[in-house]
Structures are given as C-alpha cells and as structure tokens.
Participant: 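What follows is a structure written as structure tokens; I'll ask about it next.
Worth knowing before you read on, the calculation uses all heavy atoms, side chains too, and leaves out hydrogens, waters and symmetry mates.
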Amino acid sequence: MSVIKGFMWCLAVLFAQLGLLRYIDLRVATMQRLKEPPLEPAEGSVAIEAPLEKQAGLDA
C-alpha cells in the first residue's frame, strides 16, 4: 500500500510543478518586450581570435 501512496504523492508533486511552470510561462509570455537596440561593437575595436590551427587543435 505504501508504494501506491508514494506513487500518488509523486504524481501530485509532478502536477503541482507542471502547474507552477505553466503559470510562470504565461506570466513571462505577457511581459513587455525590451526595446533596447542590440549591442554593437565600438568603432575601432578589433575582435581578438585565436589562430585557426589552435582553434581546431591541429597545432602538431
């Protein structure tokens, strides 16, 4: 009998978590979107990248 009781508790907790997740999902979906422009690199800045051989791990 305790196995069935544990299984029922497990299902109850699972459905509570799913309900909470659904509630949070709906709240986030109704939030207003950010209107900030995307960040762009500053003028004159140079992206630093590793050489291609080191990126691929072929520096034998």
Side-chain angles (χ1 to χ4, degrees):
M1 189 69 172
S2 65
V3 173
I4 294 173
K5 188 186 244 185
F7 180 68
M8 293 306 234
W9 272 109
C10 190
L11 284 178
V13 170
L14 174 68
F15 282 113
Q17 289 177 343
L18 288 174
L20 180 65
L21 186 62
R22 172 85 174 145
Y23 172 74
I24 292 171
D25 184 46
L26 291 174
R27 290 291 304 248
V28 170
T30 59
M31 287 175 65
Q32 193 174 26
R33 301 282 184 214
L34 294 176
K35 304 233 173 171
E36 297 177 6
L39 296 175
E40 296 180 11
E43 299 220 5
S45 65
V46 177
I48 300 173
E49 294 184 11
L52 195 55
E53 296 84 22
K54 288 187 180 181
Q55 285 181 354
L58 299 174
D59 56 334

Participant: Please report the interatomic distance CH2(Trp9) to OG(Ser2), rounded to the nearest 0.5 Å.
Facilitator: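 Result: 14.5 Å between the selected atoms.
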
Participant: I need the Leu18 CG to Leu14 CG distance, nearest 0.5 Å.
Facilitator: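 Reported to 0.5 Å precision, the distance equals 4.5 Å.
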
Participant: Excluding sequence neighbours, so at least two apart, what forms side chain to side chain contact (heavy atoms under 4.5 Å, CB included) with Ile24?
Facilitator: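 Residues passing side chain to side chain contact (heavy atoms under 4.5 Å, CB included) with Ile24: Leu20, Val28.
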
Participant: Excluding sequence neighbours, so at least two apart, what forms side chain to side chain contact (heavy atoms under 4.5 Å, CB included) with Val13?
Facilitator: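 Val13 satisfies side chain to side chain contact (heavy atoms under 4.5 Å, CB included) with Gln17 once adjacent residues are dropped.
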
Participant: Taking side chain to side chain contact (heavy atoms under 4.5 Å, CB included) as the test, write out the residues that go with Leu34, two or more places apart.
Facilitator: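 Result, side chain to side chain contact (heavy atoms under 4.5 Å, CB included) vs Leu34: none returned.
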
